[in-house]
Amino acid sequence: MEIQLDQSTTPFDLEHTLRCGQLFQWEKRGDWWYGVVGEMVVKIRQINDRLVFQTFPEEVDADFIKNYFRLDDNLPLILSKIDKDGHVRRAIQRFRGLRISRQEPWECLISYICATYKNIPAIKNMILNLSKRFGEKINFNSHYFYTFPKPSDLAHAGLEEIKECKLGFRAERVLEASKIVDRGEFNLEGLRKTDYEKAKRELLSLPGVGQKVADCVLLFSLDKLEAFPVDIWMKRIILGFYQNYFGASFVERVLGKSSITPGEYETISSFGRRYFGEYAGYAQEYLFPLSRSQGKLVALDSCNR
DNA sequence: TCTGGACCTAA
DNA sequence: TAGGTCCAG
């Protein structure tokens with residue numbers, strides 16, 4: 001199947017989107033990206049304005065893909081709203097077409113509980129291990145793929161089994177969170193129509209969910225585009241680019257250590273929401289890849305001095 | 001509220 | 001060290 005894009009009204013860049021670090025279930029083989037979305041393996045590539053895709057074992061319509069990649073977002077409008085200064089503008093020019101994806105909340109929650117204190121390759125590995133062990137195997141194009149486990153699959157697993165997926169101290173948090181969701185005591189999907197502040201408070205009650213994980217789940221799976229997750233990279237970027245908006249002692253103190261307190265997190269995150277507005281999450285998503293590019297890191301370092 | 005330290009592995 | 005969270009003091 002195919003989706004015809006109009007880059008002036010519906011800009012989209014599959015490559016930027018799948019490489020930006022939000023998603024952990026995608027892999028490129030040759031010209032094609034393969035990923036697992038829900039119960040489906042998705043094979044997709046972009047050729048200029050055409051998005052070509054195939055799903056297995058079932059066929060899905062274009063809306064499935066449009067929903068997943070948030071092609072319903074008015075990206076030109078969003079980008080114009082977050083275009084507040086030269087820093088974001090450079091990011092926008094460089095990564096134009098990058099979109100936040102609309103992940104399934106449960107998978108997003110567990111993924112980001114696992115992401116604590118790990119790099120992306122290790123996170124991908126944990127998710128793959130969990131899926132291999134507790135998910136369903138799908139054979140497609142002579143490769144095996146694995147769906148993400150359901151809440152009940154993890155809730156009824158043993159702690160040791162989960163630990164064997166290389167989760168380390170995250171295993172207990174994943175197991176406990178799974179039990180709560182599996183018992184029906186936490187309605188993840190319901191948070192979609194709850195406002196940001198309240199939804200965040202509720203998420204924070206789950207084991208393994210602190211402010212950063214909560215903001216990621218809200219932004220990446222529950223349509224809270226104002227959420228502004230602050231990890232160590234975003235801390236460096238914001239305090240590098242926008243240090244004038246913070247006290248000098250705050251900047252020095254927070255940049256000088258590896259972790260931040262809840263109060264410091266809130267200071268930086270609420271600055272992001274206030275400064276960039278209702279689509280702050282998109283600003284975060286465009287700024288984030290700057291931290292992973294060598295050339296820009298040098299610029300960031302010099303900016304800090 | 002804030003601070004320090006533990007926490008599992010592996011790229 | 002790595003895309004933090006949790007617990008005690």
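Atom set for the values below is all heavy atoms of this structure, side chains included, hydrogens, waters and symmetry mates excluded. Sequence lines set the chain letters: A, B, ... in the order given, protein chains first and strands last, and positions in each chain run from 1.
- A cation-pi contact links A:K137 to A:Y144, judged by a cut-off of 6.0 Å to the six-membered ring centre and 45° from its axis.
- Checked against the 6.0 Å centroid threshold, A:Y112 and A:F220 count as a close aromatic pair.
- B:dG4 atom P lies 11 Å from atom CZ of A:R253, rounded to whole Å.
- Partner assigned to B:dA6 is C:dT5, using Watson-Crick or G-U wobble distances below 3.5 angstrom.
- At a threshold of 4.0 angstrom between heavy atoms, the contacts of A:E172 with the nucleic acid are absent.
- Not one side-chain nitrogen or oxygen of A:K163 sits closer than 4.0 Å to the OP1 or OP2 atom of B:dC8.
- As judged by a 4.0 angstrom heavy-atom cut-off over every strand, A:K212 is placed among the base-contacting residues.
- For the segment residues 116-129 of chain A, residues with any heavy atom less than 4.0 angstrom from an atom of DNA chain C are, sorted by number, A:T116, A:Y117, A:K118, A:N119, A:I120.
- Stacking between A:F169 and C:dG4 is absent: the aromatic ring centre is not both under 5.5 angstrom from the base six-membered ring centre and within 30 degrees in plane angle.
- In this structure, A:R236 satisfies the cation-pi test against A:W233, with its NZ or CZ atom closer than 6.0 Å to the six-membered ring centre and inside 45 degrees of the ring normal.
- In the set B:dC8, B:dT3, C:dG3, the nucleotide with an atom closest to the side chain of A:T261 is B:dT3.
- Comparing A:D231 and A:L204, the nucleotide of DNA chain C nearest to each residue sits closer to the 5' end for A:D231.
- Summarising the geometry, the separation between CE on A:M234 and P on C:dA2 is reported as 15 Å, rounded to the nearest angstrom.
- Atom CD in A:E285 sits roughly 12 Å away from atom C1' in C:dG3 (whole-Å rounding).
- A:F12 does not carry A:R99 over the face of its six-membered ring by the limits of under 6.0 Å from the centre and within 45° of the normal.
- Put simply, CZ on A:F24 is 16 Å from P on C:dA2, counting in whole angstrom units.
- Taking the charged nitrogens against the carboxylate oxygens, A:D13 and A:R96 have no contact shorter than 4.0 Å, which rules out a salt bridge.
- Rounding to whole angstrom units, CG of residue A:L159 and C1' of B:dC7 are separated by 13 Å.
- Between the P atoms of C:dC7 and B:dC8, the separation comes to 13 Å (whole Å).
- Nucleic acid contact for A:V213: sugar-phosphate only, since backbone atoms but no base atoms lie under 4.0 Å from a heavy atom of the residue.
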* Going through the distances and angles, do A:W26 and A:R19 end up as a side-chain contact (heavy atoms from CB on, under 4.5 Å)? -> CA-CA 9 Å; A:W26 289 87; A:R19 287 189 193 282; over 6 Å; no
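- Under the 3.5 Å distance criterion, the side-chain polar atoms of A:K235 are left unmatched by any main-chain donor or acceptor of A:I268.
- With rounding to whole Å, A:K235 atom NZ is found 13 Å from C:dT1 atom P.
- If you check distances only, the side chain of A:R170 never reaches the base of B:dC7 with a donor-acceptor pair under 3.5 Å.
- The listed nucleotides are C:dA2, C:dG3, B:dT3; the one nearest the side chain of A:E264 is B:dT3.
- One C1' atom belongs to C:dG3, the other to B:dT3, and the distance between them is 22 Å to the nearest Å.
- Within 4.0 Å (heavy atoms only), A:P262 reaches no atom of the nucleic acid at all.
- Rounded to an integer number of Å, the gap from CD1 of A:I113 to P of B:dC8 is 15 Å.
- In this structure, CD1 of A:I260 is placed 14 Å from P of C:dC6, rounded to the nearest angstrom.
- Under 3.5 Å, the side chains of A:S205 and A:R201 contain no donor-acceptor pair of N or O atoms.
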